[in-house]
Each structure stands twice: as C-alpha cells, then as structure tokens.
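Below is one structure, written out as structure tokens; comments come after it.
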Amino acid sequence: MPSPYRALFAAPGSKGFSAAGFIGRMPLSMMGIGVVTMISQLTGRYGLAGALSATIALAAAAIGPQISRLVDLYGQRRVLRPATLVSLTAAAGLLLAVTFRWPDWVLFVCAAGIGSVPSLGAMVRARWAALYRGTPQLYTAYSFESVMDEVCFIFGPIVSIGLSTAWFPEAGPLLAACFLAVGVFWLTAQRATEPEPHPREQRGGGSALRARGLRVLVSTFVATGTIFGAVDVVTVAFAEERGHKGAASVVLALYAAGSCTAGVVFGLLRFAGPPARRWLLGVCMMAVSMIPLLLVGNLPFLAVALFVAGLSVAPTMITTMALVEEHVPRAQLTEGMTWVSTGLAVGVALGSSVAGWVIDAAGARAGYGVPAVSGAVAVAVGFLGYRRLSRPAPGRGGSVEQHNEREERHVA
C-alpha cells in the first residue's frame, strides 16, 4: 500500500473501524443485485425484480438520512443497532416470502423494511473526519474509503450473483444480511473512535439539506445513481440474452475495478484550485462514458467499455465528500454525507425500475439508453448548480486546500 495510505492507520483504532465498515458495506453492492438475480431466476419477471430493488433503494433514501440525523444527535451505537435489527428482520421476511411464494405485496413490504439499513460509508467517513479534520490526511482517507466502496462493488456482485446462480437463488441476499449484521455490530462495539454526538448544536437547526451546496450535490447524484441502477439491471439482462448470465458479475466487477484503480491514483495526488471545478469535470466524464454502451454488441466489448466508464466514478465521489465537508455544518456531517448516498439511492431506484421496464418492452440493448440519458441530466444539473458549489459556507470552505497552501508558504 502506498505510504500516504499506510500513514492513515497510525491513529489508534483506525484499522478496526475501517475493516468493520468494509464488511458492513458489502450489502450495498450485494442486496439489490441479489434481489434482481433471485427474483429473475424464480419468476423470470425483470419488471418485478427491478421494482423490488427500487423499493429497497427508495426506502433507504427516505429512512437513511433520518437514521444519520439521529446518529449525529445520539451517537452511532445507540442508533445503528436497533435500525440494523429492523433491516435484518425485513430481509428474513423477504427470503421467506420468496421461498413460500407469498403475494407480491408482501415482497414490497419486506423490501421497504430492508431500507432501514444504515449508511455505513457515512459512519466510517465521520470517524475519519473526527480524526483528521482540516488536514490533508482527511482527503486521503476519503480516497481510501471510496476505493473500499469500489472493492465492495468488485466482489459483491460476483459473490451475490455467483451464489444465487450456482447454489440457490436466495443465497446472495442471505449472505448480504450476514455481512450487514457483522459489520454494524463490530463497528458499534468500537467506542473509542466513535464521533461525539452534537445534541445541542443540532437542536432546532433543521435538516442538513438547508445547505444550498448540499442540495446541488444531492440533485446531481440522483441522476448519477440512475446511471448505476440502470447499468446493473441492464448488464444482467444483456448477459442472459447472450446465454452467459453468470458473466454479469464479472462485467460489473470490471466497472468497479476501473473506479477502484482511478480512486487509488487520485488519492495520491494533490490538486490546486477549487474542488467544485474537479467535481463538475468528473460528472461530465461520467456522462460521456455512457455513450459507448449504446454501441455494445458482445460481452467483451461491454466489459472494456464499463472499465473505462468506471475511471471517472471514484474521483467524482471523493471530491463530492470533500464538498460535503465544506458546505455542511460539522454537527450535521453524518447526515450530510448520508444525503449524498440518498440521492444515489433515489437514482438507483429510478434507474433499476425504468431499465427493468425498458428491458421487458424492448430488450437489454435498448436499456443502455437509460444511463446515457441520465448522464446528460447529471451534467445539466451540475452546470446549473456550479455557482453554489464554488461558494462554500462561511468558515467551512477549502479546509484541506487552505492547509496545503499554508504548508507551502511555510516551506517557502
């Protein structure tokens, strides 16, 4: 591991909470695609499969920020464990409903309950922020966590789709639930690195969405999430049409591998200039990378196109979290980061649902029009909101960049 990343773990407890967060985030890439694979195998209904995946994402979008707001108020341990128990109970109900062929409405109720899953990525990033706020190490920490997100997306779909196709259909979602339980309870057992709650600062302060810059980030990431949700569902259907459904996990893993590779390199660099400019460039690159998917005719070409598309994902996410830290009050940082994830979740719900219906109506190849259109929308929203992002909240802007400039002046 390069030395800037190794230096992160000099802080006591950092290895433990990062490892727990990694395990707890595996369901992020396993549950939705696992449900799609499970339902499509058992019923052959991609519309239902996409709708259930969308329900999970929409429920997480509605519940997740409220969970994170309670975390900012009362602390991670007191909030995450009860929320996780609700999600695990709902996951068990979904598996039972599928196994015993219960009515569709039961599936949707259970899928909505799964949405109470907490945002482990936000929880871990909040712990890094408590350790390294205002230093270049925080930028590196965000880069490392984005790489861990992508590692989850490399291995999660492979494990989830692989188990569901080779063992039994419910295996993928079942293992995702086990990862969630282990990750959350291990993370919350580590009290020494848990950020302090801020009940007084939060009281009467309203939602973190009052920050204008955060609203721009969340709105843009609704369109970005639509890209991700559509790509997942369409790729599974595209591989099945060509008689290699199991290969979908490998193709999606290459999408995440491209992002992971770019994230590792991005975290080693130091940039001058406003992060908002880098963020907008990243959004544009993500949109452009969707165009080649409209031309795919076979799985090898698709794999290459998705790997290239992934190169813009992690850098954009890393810069996004840095912008959240600039535009959101410190006492609402966990909630602010979760709102970004919520925007992605809403987009994933839209993308998976719309793509599922397009596949049913016109086939898998036509489904790649959904992420292409979504990319164009993301660029439009990003340009419209750029001025807000270029003006950080008073006293919050450019913490890492200012620190770097001070160091350079001191050396000079």
Side-chain angles (χ1 to χ4, degrees), residues 1-26 68 71-72 75-77 80 118-152 154-155 179 182-198 259-272 275 278 314-315 317-326 328 330-331 333-334 336-337 396-412:
M1 180 181 296
S3 58
Y5 291 108
R6 187 186 307 118
L8 288 177
F9 297 100
S14 56
K15 293 180 181 178
F17 74 69
S18 184
F22 173 75
I23 293 174
R25 273 177 291 184
M26 286 296 288
S68 293
V71 166
D72 284 329
Q76 293 185 2
R77 182 185 178 92
L80 297 188
S119 176
L120 267 291
M123 306 304 157
V124 173
R125 286 179 173 89
R127 293 192 182 219
W128 284 121
L131 287 176
Y132 293 124
R133 180 174 284 110
T135 71
Q137 284 83 354
L138 181 58
Y139 185 91
T140 305
Y142 287 160
S143 299
F144 176 79
E145 291 304 323
S146 291
V147 171
M148 291 298 99
D149 285 340
E150 299 309 326
V151 170
C152 289
I154 290 172
F155 292 104
F179 277 133
V182 172
V184 169
F185 284 86
W186 185 15
L187 179 68
T188 53
Q190 302 175 50
R191 305 298 299 277
T193 55
E194 181 178 346
E196 293 184 5
H198 300 273
S259 179
C260 182
T261 301
V264 170
V265 175
F266 196 79
L268 298 175
L269 304 176
R270 292 291 177 265
F271 296 95
R278 297 193 297 274
M317 292 298 300
I318 293 165
T319 309
T320 298
M321 292 305 172
L323 286 171
V324 171
E325 212 270 334
E326 286 188 0
V328 174
R330 184 173 300 178
L333 181 59
T334 308
M337 290 180 175
R396 298 293 295 161
S399 57
V400 173
E401 284 77 5
Q402 290 171 1
H403 185 282
N404 289 338
E405 291 174 2
R406 288 195 298 269
E407 283 192 341
E408 291 172 0
R409 288 197 298 268
H410 177 73
V411 171

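When a residue number appears, it is its place in the shown sequence, counting from 1.
Between the side chain of Tyr142 and the main chain of Met317, no donor-acceptor pair closer than 3.5 Å is present. A donor-acceptor pair is defined here as one N or O able to donate and one able to accept, closer than 3.5 Å; no such pair exists between the side chain of Glu194 and the backbone of Thr188. Put simply, the side chain of Ser143 never gets that close to the backbone of Gly263: no donor and acceptor are under 3.5 Å apart.
Residues Leu8 and Ser14 are not in side-chain contact: their nearest non-hydrogen atoms beyond the backbone lie 4.5 Å or more apart. Looking at heavy atoms from C-beta onward, Ser68 lies out of side-chain contact with Met337 at the 4.5 angstrom threshold.
The distance from the CG atom of Asp72 to the CD atom of Glu196 is 12.5 Å, given to the nearest 0.5 Å. With rounding to the nearest 0.5 Å, the separation of CZ in Arg25 from OG in Ser119 is 9.0 Å. For the atom pair CE of Met26 and CG of Leu120, the computed distance is 12.5 Å after rounding to the nearest 0.5 Å.
Evaluation of the salt bridge (Lys or Arg N to Asp or Glu O under 4.0 Å) rule for Arg125 yields Asp149 as partners, not counting sequence neighbours. A search for side-chain contact (heavy atoms from CB on, under 4.5 Å) contacts involving Ser18 returns Phe9, Trp128, Phe144, Glu145, not counting sequence neighbours.
Side-chain contact annotation: Arg127 with Gln190, donor-acceptor N/O pair under 3.5 Å absent.
Scanning all heavy atoms of the two residues, the minimum distance from Leu80 to Leu187 falls at CD1-CD2, 4.4 Å. Residue Val324 comes nearest to Gly336 through the heavy atom pair CG1-C, 3.9 Å, listed as atom of the first residue, atom of the second, then distance. Of all non-hydrogen atoms in Ala11 and Tyr132, the two that sit nearest each other are CB-OH, 3.6 Å. Looking at every heavy atom in both residues, Arg77 comes nearest to Ala189 through NH1-CA, 3.7 Å. Ser146 and Ile318 make their closest contact through OG-CG1, 3.2 Å (heavy atoms, listed as atom of the first residue, atom of the second, distance). When all heavy atoms of Gly183 and Ile23 are compared, the closest pair comes out as N-CG2, 4.0 Å.
The salt bridge (charged side-chain N to carboxylate O under 4.0 Å, His left out) analysis of residues 10-19, with sequence neighbours excluded, yields no pairs.
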